[in-house]
Visitor: 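I am attaching a structure below and will ask some questions about it afterwards.
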Amino acid sequence: MSKPRILVARAIFPDIVDRLREHFDVEDNPADAIWTPHELAARLADKDGALTTGSQRIDAALLAAAPRLKICANMAVGYNNFDVDAMTSAGVQGTNTPDVLTETTADFGFALLMATARRMTESEHYLRAGKWTKWSYDMFAGSDIHGSTLGIIGMGRIGQGIARRGAHGFGMKVVYHNRSRLSPALEAECKATYVGKEELLRTADHVVLVVPYSAASHHTIGAAELALMKPTATLINIARGGIVDDAALAVVLRDRRIAAAGLDVFEGEPSVHPDLLTVPNVVLTPHIASATVPTRRAMANLAADNLIAFLGGQGPLTPVNQPAPGLRGQ
Ligand code: DGY
């Protein structure tokens, strides 16, 4: 019997592609080309499954051009590149990679918070440029992390990990805002207090965004929200581009209406709003919050396991939708 055909849409660990070849007829992308939607559709025309990343948009037009496609296994916890309703109506299973990246991403969120509050990249650029000629009392003086108030918007698993680090490791007072409140037990464990979004923005010294992207969360932080923040506050976005209005943020950073920002994700990435590149009080990283070797391997393996389980006739391991069975012959 012939093996199911799958597409691995971006370069991933070669040994994990080899593992997939034990189960499937695999077309991969070792050159890591970024295919246009048209090129992606052409490659998916005869495929049963795909291992995708956030850079492939899976929508109704693509699904219509891929009549055999039964599953897209995203190598990411976020799946805003999926039109989930279109996938469900077309009978296509979507999966993501929760849990395996939680602690690594929380580590990075905290690292970005610390680098931003303590002006680490700005001061390094100064030193590398040969500008450091003497010590001075206020040179790159930033803001404290220990004992300050940490405001977390989006209190899923990663948000909770950041709360634990702040409360237990740095003695921070933690406030959070989320669609729903955590259980009292989880609030106690994270030492976190639920507050309204406006109160959080007014009171937090450091605001961290970990909310999933959707039409409803688009520009969760825009000019009006930035205006509520303390002039000494920092804003950290490890969620998704589009959660923050980057143009509005560049203006408040330039005018020092907030102290600093740390951004790992951007509207329209990999493009970055040009004004963010010219303001000094922002730490910029290229969407690497989950990027450790063990975690990226775990993400790729979980995406592979979803393909193997689902196309092997078992249920998906980490589904993001529940399409009616049988629509695509699965
Ligand atoms: C995720 O897993 O969603 C990360 O942002 C990587 O895309």
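Quick caveat, the model's predicted, so the values are computed rather than measured. First listed ligand is number 1; within each ligand, the first listed atom is number 1. We use all heavy atoms of the structure for the numbers below, so side chains are in, but hydrogens, waters and symmetry mates are not. Numbers for residues simply follow the sequence, beginning at 1.
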Visitor: Given 3.5 Å as the limit, does a donor-acceptor pair link the side chain of Asp48 with the main chain of Leu69, or not?
Guide: no
Visitor: At a heavy-atom distance under 4.0 Å, which protein residues reach ligand 1? Sort them by chain and number, would you?
Guide: Ala76, Val77, Gly78, Leu101, Arg240, His287, Met299
Visitor: Tell me, please, which residues at least two apart from Arg43 pass salt bridge (Lys or Arg N to Asp or Glu O under 4.0 Å).
Guide: Glu27
Visitor: Is there a donor in the side chain of Asn74 and an acceptor in the side chain of Asn81, or the other way round, less than 3.5 Å apart?
Guide: yes
Visitor: If you measure only the distance, is there a donor-acceptor pair under 3.5 Å linking the side chains of Asp25 and Ser2?
Guide: no
Visitor: Holding to side-chain hydrogen bond (donor to acceptor under 3.5 Å, both in side chains), I want the full list of residues that pass it with Thr53, two or more places apart in sequence or in another chain.
Guide: Ser55, Gln56
Visitor: Taking only residues two or more places apart in sequence or in another chain, which ones pass side-chain hydrogen bond (donor to acceptor under 3.5 Å, both in side chains) with Arg254?
Guide: none
